[in-house]
A.B. asks: 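This is the structure I have questions about; it appears just below.
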Amino acid sequence: MKAAPFDYIRADSLAQALEKLNQCGGDAKLIAGGQSLVPMMAMRLARPTWLIDINRLDSLKNIQVQSDQVRVGAGVRQRDLEFHPALHSHLPLVAKGLQWVGHEQTRNRGTVGGSLVHADPSAELALAAMVLNVHLSLESETDGARTLTASEFFLGPMFTAVGETEALTDISWPVWQGDRIGAAFEETAIRKGDFAMASAACQIQTKPDGEIARIGFGLGGVDGTPLVFPELAASLLKHKLTPELAKQVAHTAAQSSQPGSDMHASADYRKHLAEALLTRALMTAYRQSQGQSAD
Ligand SMILES: Cc1cc2nc3c(=O)[nH]c(=O)nc-3n(C[C@H](O)[C@H](O)[C@H](O)COP(=O)(O)OP(=O)(O)OC[C@H]3O[C@@H](n4cnc5c(N)ncnc54)[C@H](O)[C@@H]3O)c2cc1C
């Protein structure tokens, strides 16, 4: 199928893009990497009358590394973030997650912001954003700027709090301070590069004696949005993680998910996968924080 007819404008500034979005009042879409929007248009699942190209907006392409956060412009290509020299030291979970996002070719074009706004429930960056509880900055011509947390941002499958006349401008990823930090990202997909049937992510900081000082973890692909479990995570603080405890926590988390069934996997199988993947992610991140496994 071919896309429905549309008009195209290449924005020279964010102000121009926001002005055009406002003029079109919901009939326009920003195009970043086009890796999700173009297939959606080709299948006529999206039929914007205007495409506003934001690829030349250098103001959306900055990566600012600070001690407590990394601010990533919405227009930063996934591949540029993947190769940033501070990524592994500052955002180890994002470094792990990015390797699962599509293929080198799609990451060359796909942007960090485009992935988050597209909000596929299996998207790795969306899961990492929830686990690390990022702050997302939005801007519109009429309503100015506002900032949302990840849990305020993701509302459902392919559905976010971004208004029709708003653009995502940048994402602040918190940097965990100190050492003994481990991160793990696990997923199962039909083929390498495909969207995950289920995924699990975990970042842990431990004390020298093995007690958990800080932990965040979540599941992707098994509900309308990536899921995080702050109360379950809090219950692990000051505990040493054993395989039995990891399995128990993963079981509780997976049971609270509501995956769908499709031709690839039943809901029950996805829950089973989620439990297995989360058990593995918890133990891998924990052992890594204790210096027991390097990867
Ligand atoms: C073969 C293939 C495999 C893939 N596998 C995966 C995978 O395993 N995991 C994964 O997560 N993704 C995967 N993807 C999707 C890919 O990661 C896309 O890059 C991403 O989903 C969208 O990013 P984009 O920059 O291409 O956005 P676009 O396709 O340009 O836009 C996507 C949506 O976001 C909106 N948008 C973009 N930028 C902004 C902004 N700054 N402000 C407001 N709205 C904005 C657009 O209007 C559109 O609605 C795959 C894609 C392909 C083609």
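All values below were derived from every heavy atom in this structure, side-chain atoms included, with hydrogens, water molecules and symmetry-related copies excluded. Numbering of ligands and ligand atoms starts at 1, following listing order. In this chain, residues are counted from 1 in sequence order.
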A.B. asks: Using a strict 4.0 Å cut-off to heavy atoms of A74, name the atoms of ligand 1 that fall inside it.
C.D. replies: 41 (N)

A.B. asks: Here's a test for you: under side chain to side chain donor-acceptor pair (under 3.5 Å), which of Q66, Q64, R71 qualifies with S172?
C.D. replies: R71

A.B. asks: Do we get K29 above W50's six-membered ring, with its NZ or CZ under 6.0 Å from the centre and within 45° of the axis?
C.D. replies: no

A.B. asks: Do ligand 1 and G33 have nitrogen or oxygen atoms that lie under 3.5 Å from each other?
C.D. replies: yes

A.B. asks: What do you reckon, does E124 have a nitrogen or oxygen under 3.5 Å from a nitrogen or oxygen of ligand 1?
C.D. replies: yes

A.B. asks: Measuring from the heavy atoms of Q78, does anything fall under 4.0 Å of ligand 1?
C.D. replies: yes

A.B. asks: I'd like a table of donor-acceptor pairs (distance under 3.5 Å, sequence neighbours excluded) in which one partner is a side-chain atom from residues 241-250, with atom names and distances.
C.D. replies:
unit_1	atom_1	unit_2	atom_2	d
T242	OG1	L245	N	3.1
K247	NZ	E275	OE2	3.0

A.B. asks: To which of S36, G110, A46 does the heavy atom nearest atom 20 (C) of ligand 1 belong?
C.D. replies: S36

A.B. asks: State the atoms of ligand 1, each with its element, that fall below the 4.0 Å cut-off from a heavy-atom position in D194.
C.D. replies: 8 (O)

A.B. asks: Of Q78, Q99, E82, which is the lone residue that meets side chain to side chain donor-acceptor pair (under 3.5 Å) with R107?
C.D. replies: E82

A.B. asks: Under the criterion side chain to side chain contact (heavy atoms under 4.5 Å, CB included), which of V112, L91, L125 is the partner of L98?
C.D. replies: L125

A.B. asks: Is L168 in polar range of ligand 1, meaning some N or O pair under 3.5 Å apart?
C.D. replies: yes

A.B. asks: Which ligand 1 atoms are under 4.0 Å away from a heavy-atom of W100?
C.D. replies: 8 (O)

A.B. asks: May I ask you to test the F6-M41 pair for a side-chain heavy-atom distance under 4.5 Å?
C.D. replies: yes

A.B. asks: Should the pair E166-R146 be classified as a salt bridge under the 4.0 Å nitrogen-to-oxygen rule?
C.D. replies: yes

A.B. asks: Any non-hydrogen atom of T106 lying under 4.0 Å from ligand 1?
C.D. replies: yes

A.B. asks: Looking only at distances, can you tell me whether any N or O atom of T111, backbone or side chain, sits closer than 3.5 Å to an N or O atom of ligand 1?
C.D. replies: yes

A.B. asks: Hey, does A123 come in under 3.5 Å of ligand 1, counting only N/O atoms on both sides?
C.D. replies: no

A.B. asks: Relative to the heavy atoms of K29, which atoms of ligand 1 are at a distance of less than 4.0 Å?
C.D. replies: 47 (O), 49 (O)

A.B. asks: Does ligand 1 have an atom under 4.0 Å from some heavy atom of I54?
C.D. replies: yes

A.B. asks: On a heavy-atom basis, I'd like to know which of V112, I52, L30, L37 is closest to atom 46 (C) of ligand 1.
C.D. replies: L30

A.B. asks: Number the atoms of ligand 1 from 1 as they appear, then name those within less than 4.0 Å of a heavy atom of Q35, with their elements.
C.D. replies: 16 (C), 18 (C), 19 (O), 26 (O), 29 (O), 51 (C), 53 (C)

A.B. asks: Tell me the closest heavy-atom pair linking A274 and V222, and the distance in Å.
C.D. replies: CB-CG1, 4.1 Å

A.B. asks: Which residue owns the protein heavy atom closest to atom 6 (C) of ligand 1, what's the atom, and how far is it?
C.D. replies: G102 N, 3.4 Å

A.B. asks: With side chain to side chain donor-acceptor pair (under 3.5 Å) as the criterion, how do T149 and E152 come out once you've worked through the C-alpha distance, each side chain's angles and the decisive distance to 0.1 Å?
C.D. replies: CA-CA 5 Å; T149 61; E152 294 167 333; 3.3 Å; yes

